[in-house]
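These notes are about the structure you will find just below.
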Amino acid sequence: MSSKSNTSDRDEHGPHAKRPRKGGLSYANQGLKTDVDFLSRGDSDRPIAVILTPLRERQQQILSRNLKAAGAKILQFDERKSEDEQPATEGLVVVTDNPKKARRVVENREETMKNVVFVETKWATRVLAEQRWVPIQPYVLEQTKATQHESSTVPESDEINLDTALEASSKSRKNADTLPVWCRKKTCENSDIAEKREFLEGLPRFLCERCTITQAIYEAPNNELCKLLEIIEKKRRLEQAGGSEAEADIRARAYRRASAALKCVPFKLQTVQDAQALHSLGPRVLSIVQEYLMNGTVREVQLMETDHRLRILTQFQSVYGLGYVSARRYYDELRITSMDQLVEKSSRDESSEANVLVRYLGYIDKLAHLRWKDAVAVVDMVSQAANVTGEDDLHLRFQLCGGFRRGESSGHDVDILYCRQEKYAHDCSSVMKELISRLERTGLIVKVLRESSDTNGWNEVRYHARSSRAIFRYAHDVVHAIAKYKGCFFRLDLVGVRDAFEFCFTTISWSGSTPFQRDLRWWCEKKKGWTFNEHGVFDRESGQRVKLNPEPKSEMDVFAALGLTYRAPFERSC
DNA sequence: AAAAAG
DNA sequence: TTTTTGA
DNA sequence: CGAAAC
């Protein structure tokens with residue numbers, strides 16, 4: 001898109017403008033047609049400058065990277081003063097969670113700045129979610145004008161400070177000239193029903209074409225409903241609703257898909273009609289949605305809390321090695337009706353089946369959820385242990401995947417991928433055994449629950465899955481283990497990619513989320529006639545590897561080669 | 001359970 | 001109405 | 001080889 005055409009209709013991008021609808025995608029552009037520089041035109045022709053302060057580190061990283069990509073100029077203000085490069089920018093937006101502190105920081109830094117506007121981080125999130133300019137007015141926290149501070153007596157406490165500022169802001173809001181252009185326009189509320197409906201209907205069919213930005217940073221607006229739907233999903237699986245396991249799975253999955261679809265909606269659903277406009281919500285799910293909107297609760301969900309069997313099954317099913325089938329068998333046939341009984345009886349069980357279970361159950365009461373920060377630290381430890389031991393360097397690179405890569409704040413397991421560094425990529429031998437032993441020696445891995453076999457020697461593997469008939473040279477090395485960090489135990493999954501060129505496909509696959517992956521693979525099948533898996537892309541007919549050019553080296557390359565708009569990991573949390 | 005294909 | 005739903 | 005689990 002040329003910048004010239006932008007200039008001509010710049011005014012129409014303001015808060016209130018009734019913009020001409022482009023291809024039916026008005027509310028947000030979650031489809032393929034992305035206006036990359038939608039933040040680059042603010043007041044005059046200067047880019048909009050955005051300061052992020054003070055925010056949690058991870059949030060700041062994510063917002064900063066993406067606002068910049070959208071064309072905004074990012075000014076990093078931390079406590080210590082940095083150097084020069086003053087932006088003589090008119091429109092300065094300060095994105096912050098703490099207006100008082102932010103104001104102090106900004107004032108210390110810069111006297112010449114005019115028209116500073118403090119906005120909630122929600123604004124930035126929405127801008128990115130909708131991929132377009134969003135009026136900041138409803139999100140404004142406080143407005144500061146340098147001239148007004150000088151005239152007013154210096155207030156000591158923050159409370160007073162805030163009060164006067166608010167007063168000033170309401171005055172200056174009327175005084176249009178002192179404000180950046182986007183503030184001069186009147187409020188544009190997102191309660192415009194027609195616009196909402198149009199947005200919902202305009203969402204692309206496949207989850208891999210949408211983005212879910214709010215998930216990683218904030219609780220999404222429809223989070224409560226999503227959680228309820230996911231509880232119903234679990235319940236349907238536990239109860240084996242609908243006869244066979246497969247039928248239960250298909251029906252349960254519909255609820256998961258509905259939840260996933262809702263996670264791409266940047267505003268809170270008010271009516272069933274809103275929900276109806278969404279893809280993958282049919283009559284059954286809508287009746288649940290209606291129940292929720294009317295009562296705030298769903299009876300089927302409450303059963304999960306009241307019913308003893310369902311409660312115990314839920315506990316069992318969370319144990320490594322126990323799926324829905326085994327959980328039911330233990331409860332219904334073996335009459336094991338509590339976690340304590342499970343621990344006791346399985347320890348007396350001699351079968352090899354129970355072996356893994358026992359290994360895991362030994363840690364059951366010590367297992368803890370990790371925070372994002374810890375997961376990142378764990379990757380560091382793994383990397384250290386693998387490469388710096390005074391022994392031969394394994395030349396590995398590591399990649400955090402799973403929920404933590406998508407920016408989720410906590411999780412019960414850490415997924416780490418590894419392969420040889422580029423210089424050593426020709427070597428496809430397995431290092432799994434060596435890596436495990438090094439991690440055991442450093443004390444990170446406490447117990448190996450399961451590891452893939454045949455890692456020695458050539459190990460050429462041909463997979464002839466019925467549906468794909470795909471062929472690849474090496475199976476991935478997989479380790480499921482229990483690890484210990486800071487006195488906490490948790491599940492650690494390691495995946496070794498022996499053909500290093502497959503790494504970008506493996507990274508996409510292991511970064512999830514599950515619904516995102518399903519739709520990505522389904523999209524490949526439908527739109528391209530290709531089969532996508534953790535090894536690469538294969539032609540459905542011939543089973544041959546599809547030669548993508550240029551050969552993808554990163555996730556971004558893969559999206560590009562497929563013809564999909566790139567979605568950052570945190571945009572895949574559906 | 002929902003949507004696409006037949 | 002039948003088929004498909006990730007690998 | 002198929003079921004179950006991840």
Side-chain angles (χ1 to χ4, degrees), chain A residues 204-208 229 232-233 235-237 240-261 275-276 278-289 300 316-330 351-357 360 401-402 412-415 448-452 461 463-472 475-482 491-495 502 505-506 508-510 512-528 530-538 540 543:
Chain A
R205 254 176 215 71
F206 296 91
L207 295 168
C208 57
L229 291 171
I232 295 180
E233 178 210 6
K235 179 166 171 286
R236 298 280 162 115
R237 287 185 203 278
Q240 207 179 342
S244 73
E245 197 65 35
E247 283 170 318
D249 176 75
I250 236 88
R251 297 203 167 108
R253 200 190 302 161
Y255 288 92
R256 180 67 190 273
R257 222 186 118 77
S259 164
Q276 204 161 20
L278 271 169
H279 195 267
S280 60
L281 276 79
R284 309 297 283 268
V285 175
L286 283 173
S287 73
I288 301 283
V289 172
E300 198 174 343
F316 285 3
Q317 190 270 321
S318 72
V319 172
Y320 180 96
L322 283 191
Y324 296 100
V325 175
S326 305
R328 277 194 299 269
R329 192 169 58 89
Y330 277 110
S351 73
S352 61
E353 282 294 308
N355 219 304
V356 174
L357 203 60
Y360 183 81
C401 279
H412 81 289
D413 78 334
V414 178
D415 301 306
V448 174
L449 297 167
R450 221 171 254 161
E451 60 186 283
S452 53
V461 180
Y463 284 77
H464 287 260
R466 206 184 12 240
S467 53
S468 76
R469 311 203 317 279
I471 300 167
F472 23 91
H476 293 157
D477 294 334
V478 180
V479 185
H480 293 170
I482 288 178
R491 275 279 316 282
L492 175 65
D493 291 354
L494 293 167
V495 179
E502 290 181 356
F505 298 102
T506 319
I508 292 182
S509 296
W510 280 82
S513 64
T514 302
F516 185 92
Q517 288 308 307
R518 294 188 113 121
D519 264 26
L520 175 62
R521 291 166 189 215
W522 190 18
W523 184 92
C524 279
E525 173 91 25
K526 283 276 161 238
K527 302 275 174 157
K528 300 283 184 179
W530 294 343
T531 294
F532 185 112
N533 67 20
E534 65 273 37
H535 291 270
V537 178
F538 302 85
R540 193 183 352 138

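Convention: sequence-line order gives letters A, B, ...; per-chain numbering from 1.
- Closest contact between the side chain of A:Thr514 and the listed nucleotides D:dC6, C:dA7, C:dG6 involves C:dG6.
- A:Arg521 places its CZ atom 6 Å from the C1' atom of C:dG6, with the value rounded to the nearest Å.
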Go through the steps for A:Lys235 and A:Tyr255 under the test side chain to side chain contact (heavy atoms under 4.5 Å, CB included), then give the verdict. CA-CA 10 Å; A:Lys235 179 166 171 286; A:Tyr255 288 92; over 6 Å; no
Using a cut-off of under 3.5 Å, enumerate the N/O to N/O pairs linking the protein to nucleotides 2-4 of chain D.
none

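- Comparing B:dA5 with C:dA7, their P atoms are spaced 16 Å from each other, to the whole Å.
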With the criterion being N/O to N/O and under 3.5 Å, what pairs connect the protein with nucleotides 2-6 of chain B, and how long is each?
from, atom 1, to, atom 2, distance (Å)
B:dA2, OP1, A:Gly282, N, 2.8
B:dA2, OP1, A:Gly282, O, 3.1
B:dA2, OP1, A:Val285, N, 3.0
B:dA2, OP2, A:Arg284, N, 3.2
B:dA3, OP1, A:Ser280, N, 2.6
B:dA4, OP1, A:Arg205, NE, 2.7
B:dA4, OP1, A:His279, NE2, 3.4

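- Under the side-chain contact (heavy atoms from CB on, under 4.5 Å) criterion, A:Leu286 pairs with A:Val272, A:Ala275, A:Gln276, A:Leu281, sequence neighbours left out.
- The CZ atom of A:Arg237 sits 8.5 Å away from the CD atom of A:Glu245 when rounded to the nearest 0.5 Å.
- Contact annotation: A:Arg236 reaches the phosphate of B:dA1 (side-chain N/O to OP1 or OP2, under 4.0 Å).
- If you measure from atom CH2 of A:Trp510 to atom P of D:dC6, you get 12 Å, rounded to the nearest angstrom.
- Atom CZ of A:Phe206 is separated from atom P of C:dT4 by 16 Å (rounded to the nearest Å).
- Distance A:Tyr360 OH to D:dC6 C1': 12 Å, rounded to the nearest Å.
- Going from atom CZ of A:Arg329 over to atom P of D:dA5 covers 9 Å, rounded to whole Å.
- Taking the salt bridge (charged side-chain N to carboxylate O under 4.0 Å, His left out) definition, one finds that A:Glu247 meets it with nothing, sequence neighbours left out.
- Taking atom NE2 on A:His535 and atom C1' on C:dA7, their separation rounds to 10 Å, with Å as the unit.
- Counting non-hydrogen atoms under 4.0 angstrom, A:Arg491 reaches the backbone sugars and phosphates but no base.
- Computed from coordinates, the A:Glu534 CD to C:dA7 P distance equals 11 Å when rounded to whole Å.
- Only the P atoms considered, B:dA3 is 15 Å distant from C:dG6, to the nearest whole Å.
- Using bins of under 30°, 30° to 60° and over 60° for the plane-to-plane angle, the ring pair A:His535/A:His476 lands in the parallel bin.
- At B:dA1, one or more side-chain N or O atoms of A:Tyr255 fall inside 4.0 Å of OP1 or OP2 (strictly under the cut-off).
- By the 4.5 Å heavy-atom criterion applied to side chains, A:Arg257 and A:Val285 are not counted as neighbours.
- Contacts of A:Val495 with the nucleic acid, taken as non-hydrogen atoms under 4.0 Å apart, are absent.
- Interatomic distance, A:Leu207 CG to A:His279 NE2, rounded to the nearest 0.5 Å: 9.5 Å.
- Every residue two or more places apart in sequence or in another chain that forms a side-chain contact (heavy atoms from CB on, under 4.5 Å) with A:Asp493 is listed here: A:Asp413, A:Asp415, A:His480, A:Arg491.
- Listed by chain and number, the residues in a side-chain contact (heavy atoms from CB on, under 4.5 Å) with A:Ser509 are A:Gln517, A:Arg521, A:Phe532, A:Glu534 (sequence neighbours excluded).
- D:dA5 atom C1' lies 13 Å from atom CG of A:Leu449, rounded to whole Å.
- The side-chain heavy atoms of A:Thr531 and A:Glu525, taken from C-beta on, include a pair separated by under 4.5 Å.
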